[in-house]
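As structure tokens, the structure follows; a few thoughts come after it.
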Amino acid sequence: WNTPADAQRCPSKWGTGDTRGSANHVKPASVLAAMQLVKTGQIVELGLASRELRTPVIAVGDFNIVDTDPEHTILTGLTGLRDVAAELAAPNPTVRSGNPYRTQSSKPDRRVDYVLARDGEAAAIVARDVKLVFDEALELDGDAASCSNHAGVLADLEILPGAGRT
């Protein structure tokens, strides 16, 4: 793949040197669509990079996707990664309305933080337990607070040598 010429990459009715005219036509919907493309691109990049690994893979963090998003399907499909919480029937929301930092949010409770695992060729990963941590409200200088605006996810995983995928 080669970077297209400016005229092909950034067409503008004001010419290739335009730096302001097209920006006047950027609407919130197009910004959201562009952000979605970036997120999908990041997921695909992670998926393709991890597919090449022969060792067990554990991917953790705030993926900013819910399990019904197409990006979740792309990620697990491209990589073969398993959602540990779903596997253990414990897919609890990690972003919750009860969190002191989220009291003004109208968004519903949801799970965007994951522990994902995939067996390697010579070793398997077995999920033993998963739970939310650091999700309790606490008091800080007389105000409600929390460790983060997301609950943490703690997983107990066991690596079993000699029991990998074929």
Within 6.0 Å of NZ in Lys39, more than 12 heavy atoms from elsewhere: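 Count over threshold, so yes.
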
Above 12 or not: heavy atoms from other molecules or residues under 6.0 Å from CZ of Arg110?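 Enclosed.
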
Flag side-chain contact, heavy atom, 4.5 Å: Val133 against Val153: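 The answer is no; the side chains never approach within 4.5 Å.
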
Would you mind reporting whether Arg111 and Val95 have side-chain heavy atoms less than 4.5 Å apart?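 No, side chains not in contact.
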
Charged N to carboxylate O under 4.0 angstrom, Arg102 versus Asp109?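 Asp109 and Arg102: not salt-bridged.
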
Charged N to carboxylate O under 4.0 angstrom, Arg82 versus Asp119?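 Yes, this pair counts.
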
Does [Y] offer a backbone N or O that forms a donor-acceptor pair with the side chain of [X] under 3.5 Å?
X: Arg118; Y: Ser50; answer: yes
X: Asp83; Y: Tyr114; answer: no
X: Asp69; Y: Val66; answer: yes

Hey, could you give me the [atom1]/[atom2] distance between [X] and [Y], rounded to the nearest 0.5 Å?
X: Leu154; Y: Asp129; atom1: CG; atom2: CG; answer: 7.5 Å
X: Asp113; Y: Asp62; atom1: CG; atom2: CG; answer: 4.5 Å
X: Ile65; Y: Thr40; atom1: CD1; atom2: OG1; answer: 9.5 Å

Evaluate the side-chain contact (heavy atoms from CB on, under 4.5 Å) criterion for residues Leu132 and Thr94: first the C-alpha distance (whole Å), next the side-chain angles of each, then the deciding distance (0.1 Å), finally the verdict. CA-CA 7 Å; Leu132 299 181; Thr94 57; 3.8 Å; yes

Looking at every heavy atom in both [X] and [Y], which two are closest together, and how far apart are they?
X: Glu52; Y: Leu48; value: CG-O, 3.7 Å
X: His150; Y: Asn99; value: N-ND2, 4.2 Å
X: Pro100; Y: Ala145; value: CG-O, 3.3 Å
X: Ser146; Y: Glu136; value: OG-O, 4.0 Å
X: Ala155; Y: Val115; value: CB-CG1, 3.9 Å
X: Ala59; Y: Leu81; value: CB-CD1, 4.3 Å

Going hydrophobic residue to hydrophobic residue with side-chain gaps under 4.5 angstrom, can you get from [X] over to [Y]?
X: Leu88; Y: Leu160; result: no
X: Val60; Y: Ile125; result: yes
X: Val44; Y: Leu75; result: yes
X: Val126; Y: Val130; result: no

Apply side-chain contact (heavy atoms from CB on, under 4.5 Å) to the pair Leu157 and Val84, showing each step before the final yes or no. CA-CA 9 Å; Leu157 306 174; Val84 170; 4.1 Å; yes

Counting the benzene-type ring for Trp, do His72 and Phe63 have ring centres under 6.0 Å apart?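 Centroid distance His72-Phe63: not below 6.0 Å, so no.
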
Report the C-alpha distance between Ile58 and Leu116 in whole Å, list the side-chain angles of each, state the deciding distance to 0.1 Å, and finish with yes or no for side-chain contact (heavy atoms from CB on, under 4.5 Å). CA-CA 6 Å; Ile58 301 169; Leu116 306 170; over 6 Å; no

Working note: Thr79 + Val57, criterion side-chain contact (heavy atoms from CB on, under 4.5 Å); need CA distance, chi angles, decisive distance, verdict. CA-CA 9 Å; Thr79 61; Val57 175; over 6 Å; no

